[in-house]
A.B. asks: 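Would you mind keeping the following structure in view while I ask a few things?
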Amino acid sequence: MSNENNRFTELCTGHVLNALSDSEEKKFQQLLADANEDQLALYDELKAVAAEMATLAPAERPSLSVKESIMQMATGVANSQSGKTGPANVNRMRWYRVAVAASFIFIFTSIGLLFYSQSLEEDMRGQSQTIAQQQTTIEQLESEVQRKEELLTILEAREVDLVMMAGMENTNPNGYGKVVWDKQGGRALLQVANMPAVPTDKDYQLWFIVNGQPISAGVFAVDDPQRDNFFKIEQLQSDAREGAFAITMEPKGGVPQPTGDMYLLGNM
């Protein structure tokens, strides 16, 4: 490759990268005016590469190292084709332009897909949390509706007893409870409030006391002391006109006879 071609290639590369000084730009314009067919083809190819790179990266003045790298690429392509005809150089430059453009497209597409994947994953995680919260709310509402339906069913009975329960001074002075009891149907609903949460190895146990004899009416645990808790009593049949209801804390699963501290007590 002649020195004239080398100079044209160097200045052409700097021109498309907007990296020439004023004197270099003037010299390039002189060479371009007298350029041959192969030099014009090289100029067109380098302009196309620079245009594609400008659409894929931020606009900024290239550094000297970038200028030298691309100049070496262009010069190397021309040198590798020395002794061959002009069209071979043009074909190699076309291949180089496509390769550079494809590389930038691949890089930016990969980055875009990475951010999209991360964003999609965050959206899915947020939606999963929302769905879980909504499911919890639905379950709570369904449970509330079921309790109200059970309470209505009990209240529709012909004979219903309402037993109010108060907290014990030494264990739960602010405690409150009530038993709504359908004696004929053997069904009852227990409501308690201001009851401490029980340890994992304990349960509250409800007792129906008749003639001084406690009869277990079931066990339950309070998970949220800040709200009213409702519990259905499956079997509670008795013709007694007098008696009392009491709640004690017992080992988990309950015991045949009360052994723990009493938390609520109410007389019929």
Side-chain angles (χ1 to χ4, degrees), residues 1-139 141:
M1 190 180 224
S2 67
N3 290 334
E4 182 181 354
N5 280 339
N6 278 335
R7 184 59 173 162
F8 180 87
T9 301
E10 177 183 1
L11 292 177
C12 184
T13 303
H15 171 76
V16 299
L17 293 176
N18 195 27
L20 296 180
S21 64
D22 291 341
S23 60
E24 288 174 330
E25 180 64 27
K26 183 177 179 179
K27 177 61 176 177
F28 172 70
Q29 293 300 329
Q30 292 174 353
L31 293 176
L32 183 63
D34 298 327
N36 59 35
E37 182 179 349
D38 288 345
Q39 289 173 334
L40 290 174
L42 174 64
Y43 176 53
D44 290 338
E45 293 295 333
L46 288 177
K47 283 198 302 181
V49 171
E52 290 177 359
M53 292 175 64
T55 64
L56 296 172
E60 58 183 15
R61 185 178 181 89
S63 65
L64 182 60
S65 62
V66 173
K67 168 189 169 184
E68 292 176 349
S69 297
I70 296 184
M71 186 273 292
Q72 289 173 3
M73 293 179 188
T75 304
V77 169
N79 285 336
S80 67
Q81 296 298 326
S82 61
K84 295 186 180 181
T85 60
N89 289 339
V90 173
N91 290 338
R92 177 64 65 88
M93 285 306 300
R94 286 176 180 166
W95 173 87
Y96 166 73
R97 179 167 62 87
V98 172
V100 169
S103 298
F104 274 95
I105 291 172
F106 173 77
I107 291 171
F108 281 90
T109 300
S110 299
I111 293 174
L113 288 175
L114 175 62
F115 282 109
Y116 175 75
S117 175
Q118 292 176 342
S119 177
L120 184 61
E121 183 178 353
E122 291 177 358
D123 289 343
M124 292 179 63
R125 185 161 51 246
Q127 291 176 0
S128 297
Q129 293 175 349
T130 300
I131 291 173
Q133 292 172 354
Q134 291 176 343
Q135 184 63 35
T136 300
T137 301
I138 290 173
E139 292 175 355
L141 291 174

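Just so it is clear, the values below take in all heavy atoms, side chains as well, and ignore hydrogens, waters and symmetry mates.
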A.B. asks: Please evaluate residues Gln133 and Gln129 with respect to the criterion side-chain hydrogen bond (donor to acceptor under 3.5 Å, both in side chains), reporting the C-alpha separation (whole Å), side-chain torsions for both, the decisive distance (0.1 Å), and the verdict.
C.D. replies: CA-CA 6 Å; Gln133 292 172 354; Gln129 293 175 349; 5.7 Å; no
A.B. asks: Roughly how far, to the nearest 0.5 Å, is OG1 of Thr130 from CD of Gln135?
C.D. replies: 13.0 Å
A.B. asks: Please give me the minimum heavy-atom distance between Phe8 and Ala35, naming the atom from each residue.
C.D. replies: CE1-CB, 4.0 Å
A.B. asks: Can you confirm whether Glu24 sits close enough to His15 that some side-chain heavy atom of one is under 4.5 Å from a side-chain heavy atom of the other?
C.D. replies: no
A.B. asks: Rounded to the nearest 0.5 Å, what's the gap from OG1 on Thr136 to CD1 on Ile131? Could you check?
C.D. replies: 12.0 Å
A.B. asks: Indicate the atoms forming the closest heavy-atom contact of Asp34 with Gln39, along with that distance.
C.D. replies: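 It is O-OE1, 4.4 Å.
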A.B. asks: Roughly how far apart are Leu42 CG and Lys47 NZ, rounded to 0.5 Å?
C.D. replies: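 The NZ atom of Lys47 is 11.5 Å from CG of Leu42, to the nearest 0.5 Å.
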A.B. asks: Determine whether Leu32 and Leu40 satisfy the following criterion, side-chain contact (heavy atoms from CB on, under 4.5 Å), listing intermediate values before the conclusion.
C.D. replies: CA-CA 8 Å; Leu32 183 63; Leu40 290 174; 3.9 Å; yes
A.B. asks: Just verifying a value: how many Å separate Glu139 CD and Gln134 CD, rounded to the nearest 0.5 Å?
C.D. replies: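 If we round to the nearest 0.5 Å, Glu139:CD and Gln134:CD are 12.5 Å apart.
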